[in-house]
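Take a look at the structure below.
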2 protein chains.
Amino acid sequence: MHLSKSSIYGLRASILLTKMGGDKNYVTIRELSDELNIPFHFLTKILQELSKAEILESLRGPNGGVRLAKPPNRITLKDIVTSIDVKYDILNCPLGLPGCGEHSLCPLQQDWQNFKLKVERMISEVTLEDLSARSKNNDNDMYHRTHNHLNA
Amino acid sequence: MHLSKSSIYGLRASILLTKMGGDKNYVTIRELSDELNIPFHFLTKILQELSKAEILESLRGPNGGVRLAKPPNRITLKDIVTSIDVKYDILNCPLGLPGCGEHSLCPLQQDWQNFKLKVERMISEVTLEDLSARSKNNDNDMYHRTHNHLNA
DNA sequence: AAGTATTAAGACTATTATATCTTAATATAG
DNA sequence: CTATATTAAGATATAATAGTCTTAATACTT
Ligand code: FES
Ligand code: FES
C-alpha cells in the first residue's frame, strides 16, 4: 500500500470534513490544515484535486471553503485515493514483477493476490460515513498531534 | 507495503542468486544485474548492504562475486527487506496515525491490523528456498523482461 | 464601489529516492 | 611482481515527492 502523503492528507481532511460539516456549511481549508497539522498551501492543492474530481465543492470569498459534494455514504476511500494518486498501486507485491495478476510467474503470487483482493475490497467499500462514524466513537483527539509525530 | 526499489531489487537478486548458486561458487554482480535489468552500480550498493548484514558473502578479484552466507532456508524475505529498508513500515495504514497499533484511534484499525498481521507473518516465514523453489516451477523467463516493463 | 476573505493556479524551493561515475582496495593468474 | 577482474566506497547527478510563496480570481460585506 504505497500512498503518497498527498493521499494520506486528503483522506484525513475528508474524514474531518465529514465530521465537521454535517450540515451544508463550508469549512475553510485553514481550519482543516490547522486542525490536522498539514501545511495550508499543500492541503489546498490536494483539495483542489478532490474538487476537480467532484468529491468536494469549494467556494471562494468570505464564508467560503470546502464541503462534500455528495453524501458521505457515497464517497469511498478508494474514490479519494484514486483522485489524488492517479497511478497508485494498491498493495504492490514485494517482487513487483511484470504482468502481475495476469500470468503466474511470481513465487509470492498466490499469497499476495489473496491479500490484495481483500484490501481492495475494503478500500472500495468503506465510505467516509463509516470512517467518520468510527472515529467519532474513538478519542476525538486523534488528529490533534503535532506534525512531527505523525508517522505518515 | 512500501518497499523501496532497493529492497525489490535486493529480493530479486537474492532469489536469482539462490537459483544459480546452489553450489558454493560466487556469482558476479554483473551477471545478476544483466539478468535482472538492474543498474550494475546500483545493485552493487544494495548487495553491499546485504553483505554487511551477513546475508551475503562477497569476494573481490577474479572468480569473485557474491553468494549466500547461509543456507537459503534460513534467510527470510523479512531478513532481506529489513536489511535494506532499515526503517520500512510493512503495510502502513492509509491513515498512518500516530501510535498506530497501540492505541485504538484509527477508524480503519481493526481491519488493517488484521491484514498487517498476516502479511507480517508471511514475510517473516517465507524463505529464499521457498521463493526459489516456487519460481523454478514457474516460467523461468520471469526475470528476463526489459527494465522499462517492470512495474516496480 | 471598495475592502476583505477565501480558494485557484502556477512558479519556486527543499528533500528524498534513484541512479551513475570515479577511484580505491583486494584477490587471482600469469 | 604485474596485469586483470572484481567488489567497496564515496562523490555526483537526476528524478520524484513534498512543501512554500506569490499572484489572480471570486464572492461576500459594508
Ligand atoms: S509480482 Fe504479482 S504477486 Fe508477486
Ligand atoms: S493508523 Fe493504525 S490502523 Fe490506521
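Per chain, numbering begins at 1; letters A, B, ... match sequence-line order.
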For [X] and [N], is the shortest distance between a side-chain N/O and OP1 or OP2 below 4.0 Å?
X: B:Ser51; N: D:dT7; answer: no
X: B:Ser58; N: D:dA8; answer: yes
X: A:Asn63; N: C:dT4; answer: no

Figure out the [atom1]/[atom2] separation between [X] and [N], and round it to whole Å.
X: A:Arg60; N: D:dT23; atom1: CZ; atom2: P; result: 17 Å
X: A:His41; N: C:dA8; atom1: NE2; atom2: P; result: 13 Å
X: A:Ile29; N: D:dA27; atom1: CD1; atom2: P; result: 15 Å
X: A:Arg67; N: C:dT6; atom1: CZ; atom2: C1'; result: 15 Å
X: A:Tyr26; N: C:dT6; atom1: OH; atom2: C1'; result: 12 Å
X: A:Gln48; N: D:dA24; atom1: CD; atom2: P; result: 16 Å
X: A:Leu32; N: C:dT7; atom1: CG; atom2: C1'; result: 13 Å
X: B:Ile8; N: C:dA19; atom1: CD1; atom2: P; result: 10 Å

| So what does A:Leu47 touch, heavy atoms closer than 4.0 Å: a base, only the sugar-phosphate, or nothing? | nothing

| message | With rounding to the nearest 0.5 angstrom, report the CG to CG distance, B:Asp130 to B:Asn73. | response | 8.5 Å

| query | What distance do A:Leu36 atom CG and A:Leu16 atom CG have between them, rounded to the nearest 0.5 Å? | reply | 5.0 Å

| Of all the nucleotides listed (D:dA8, D:dG19, C:dA8), which has the minimum atom distance to the side chain of A:Pro39? | D:dG19

| The side chain of A:Thr44 lies closest to which of these nucleotides: C:dA8, C:dA24, C:dC21? | C:dA8

| remark: The answer to which of A:Lys52 and A:Pro62 contacts DNA chain C further toward the 5' end, by nearest nucleotide, is A:Pro62

Would you tabulate the nitrogen or oxygen pairs shorter than 3.5 Å linking the protein to nucleotides 11-18 of chain C?
from	atom 1	to	atom 2	distance (Å)
C:dT18	OP1	B:Lys5	N	3.3

Give the table of side-chain donor-acceptor pairs shorter than 3.5 Å for residues 42-57 of chain A, with sequence neighbours excluded, one pair per line with atom names and distance.
from	atom 1	to	atom 2	distance (Å)
A:Thr44	OG1	A:Phe40	O	2.9
A:Ser51	OG	A:Leu47	O	3.1
A:Glu57	OE1	A:Arg67	NE	2.9
A:Glu57	OE1	A:Arg67	NH2	3.2

| request: Determine the minimum heavy-atom distance between B:Arg74 and B:Asp79, stating which atoms define it. | output: O-OD2, 3.8 Å

| request: For B:Leu59 and for A:Phe40, locate the closest nucleotide of DNA chain D by heavy-atom distance; then report the residue assigned to the nucleotide nearer the 5' terminus. | output: B:Leu59

| task | State, yes or no, whether a side-chain contact exists between A:Tyr9 and A:Arg12 at a heavy-atom distance under 4.5 Å. | result | yes

| query | Looking only at atom types and distance, does a side-chain atom of A:Asp85 sit under 3.5 Å from a main-chain N or O of A:Ser4, one as donor and one as acceptor? | reply | yes

| Are the side chain of A:Ser124 and the backbone N or O of A:Glu120 linked by a donor-acceptor pair below 3.5 Å? | yes

